[in-house]
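Working notes, beginning with the structure itself.
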There are 2 protein chains.
Amino acid sequence: MTVINKYDCVLCKDKSCAVAILTPDELKLLTGNCSEVELKRGDTIFKAGSLTTHIVYLKTGLVKESLIGSNKKEQIIQLIKAHSYLGLSSMLGYKTNHYSYKALEDLRVCYIDSTVFKQLVQSNGKFAFEILVSVSRENLNNYHRCVNKSLKQMYGRFADAMLYFSQVIYESNTFDLPITQNDLAALTATTRESITRTFTKFKNEGIIELNGKTITILKMDLLENISKTG
Amino acid sequence: MTVINKYDCVLCKDKSCAVAILTPDELKLLTGNCSEVELKRGDTIFKAGSLTTHIVYLKTGLVKESLIGSNKKEQIIQLIKAHSYLGLSSMLGYKTNHYSYKALEDLRVCYIDSTVFKQLVQSNGKFAFEILVSVSRENLNNYHRCVNKSLKQMYGRFADAMLYFSQVIYESNTFDLPITQNDLAALTATTRESITRTFTKFKNEGIIELNGKTITILKMDLLENISKTG
DNA sequence: TTGATTTGGTGATGTACATCACATTTTGTA
DNA sequence: TACAAAATGTGATGTACATCACCAAATCAA
């Protein structure tokens, strides 16, 4: 993990929509309490249970958000793309983080002192409003996907995952799967073996193409239908 | 549904912690854009898909929050106790409500114009902060319970539901189940038949007592253990 | 380059739980 | 009070998917 020369948040090209609203004075305060760091693929950013002394803003890269259930099984909540905060709800609602965060690619992140962040929320209602909107959307989306896990059965959940990568994460019909099949099982609440079997089935039916880690969706409408019917 | 004589939000004894923070001017604005209504058990407050023109604050009573999946199955997200807002995340993040709300008891609610509510968030950072904290906590709690549905199996989820009623909703070892076994199935992601069977099993094992709708938890530690081991 | 570790593929087997099909009891209402 | 509708109880049956067991392929580390 490499700390980068600190530069002014005003000039930062990766800053969040919320931070863009801050006044010059507030931006100065932020700059003084923010440090940029580079992380490598596979690095843990922070773990569930850690104190929320800092909030992390993801400038570039892809991150896995997950938790371990009481039965020791991992559950992946979402993948987080650049220009998002990690663990906002935990930081705002509690003293400890509820989820763990791991780098799926090399990352650039900013660590922001959480006291300063909360201070900014309280001093600038428009900033607070932007944060509220993004927290609300993120939570509704996550919840929606979580509900589907107990409402749909395996093929439907698998289709959901493929659509998630294609439409939300990469916005393309072709993409390289950034996680292992084990992780894919943790994302779709099933087992690694079932993922393998579903891959071969979907390949055989010409719904998707799979070359190594590269997935191409051939029949999008069929995939969406499988997602709907569960 | 009965509209009550409007009285000043300043004098309201059921106002939220967030509203208690507002300035006299802001409270005046709220009073002018808020109306209290009485609803009967079984009434629908609003449905998923409706426009978020108003936000509803629950003054007294118990509410069921739910959604219908694409496979037509209902899923209950949570029961909401007095002194909470209904559908805050939807109102803040989107133009339409994502969940439906139904009265499990007779209710008293306030309808607040959502434009005014958003205005208050933007004009008062401390108010916004309180809202942010409650949205964050509610979402983390809901998500946690949702994750357990796909991580644990039936007895564990049933135990979770019993603990939810006992510890979160009623804060007592004895309580009257406010929902049918059908609803209980929708809350625990199982079927009505399985709920019945689990009831008889837990009764026979002396974990709970069931008289009509009245449930008494006899072995709390055992129930917590079942919840943990799934 | 080699051996170790992680990841991925596939069959055989078991089981948790849904589904179906009724009977019975309770609740709401005409 | 009586009848319909909703809610509950319980068995028989089926199946989706986990689990186990083992092998092959890819990746990593020395």
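In the text below, chain A, chain B and the rest are named by the order of the sequence lines, each starting its count at 1.
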Between [options], which nucleotide gets closest to the side-chain atoms of [X]?
{"X": "E193(B)", "options": "dG9(D), dC20(D), dC20(C)", "result": "dC20(C)"}
{"X": "R41(A)", "options": "dG11(D), dT8(D), dC28(D)", "result": "dC28(D)"}
{"X": "Q181(B)", "options": "dT10(C), dG9(D), dA16(D)", "result": "dG9(D)"}
{"X": "S194(A)", "options": "dG8(C), dA18(D), dT10(D)", "result": "dA18(D)"}
{"X": "R157(A)", "options": "dA18(D), dG28(C), dC17(C)", "result": "dA18(D)"}
{"X": "T191(B)", "options": "dG9(C), dT8(D), dA18(C)", "result": "dA18(C)"}
{"X": "T196(B)", "options": "dG9(D), dC28(D), dC20(D)", "result": "dG9(D)"}

For [X] and [N], give me the distance from atom [atom1] to atom [atom2], rounded to whole Å.
{"X": "N182(B)", "N": "dA5(D)", "atom1": "CG", "atom2": "P", "value": "17 Å"}
{"X": "F199(A)", "N": "dT10(C)", "atom1": "CZ", "atom2": "P", "value": "13 Å"}
{"X": "L177(A)", "N": "dT7(C)", "atom1": "CG", "atom2": "P", "value": "13 Å"}
{"X": "K201(B)", "N": "dC17(C)", "atom1": "NZ", "atom2": "C1'", "value": "14 Å"}
{"X": "F158(B)", "N": "dA16(C)", "atom1": "CZ", "atom2": "P", "value": "18 Å"}
{"X": "R197(B)", "N": "dC17(C)", "atom1": "CZ", "atom2": "P", "value": "12 Å"}
{"X": "K73(A)", "N": "dT19(D)", "atom1": "NZ", "atom2": "C1'", "value": "10 Å"}
{"X": "Q153(B)", "N": "dA18(D)", "atom1": "CD", "atom2": "C1'", "value": "10 Å"}

Distance check: side-chain N/O of [X] vs OP1/OP2 of [N], anything under 4.0 Å?
{"X": "T190(A)", "N": "dA18(D)", "answer": "yes"}
{"X": "K213(A)", "N": "dT7(C)", "answer": "no"}
{"X": "R192(A)", "N": "dT10(C)", "answer": "no"}

Taking the six-membered ring for Trp, are Y111(A) and Y57(A) ring centroids under 6.0 Å apart?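 No, the ring of Y111(A) stays outside the 6.0 Å limit from the ring of Y57(A), centre to centre.
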Between the side chains of [X] and [Y], does any donor sit under 3.5 Å from an acceptor?
{"X": "Y99(B)", "Y": "S66(B)", "result": "no"}
{"X": "K152(B)", "Y": "S227(B)", "result": "yes"}
{"X": "E65(B)", "Y": "S100(B)", "result": "no"}
{"X": "K149(A)", "Y": "Q75(A)", "result": "yes"}

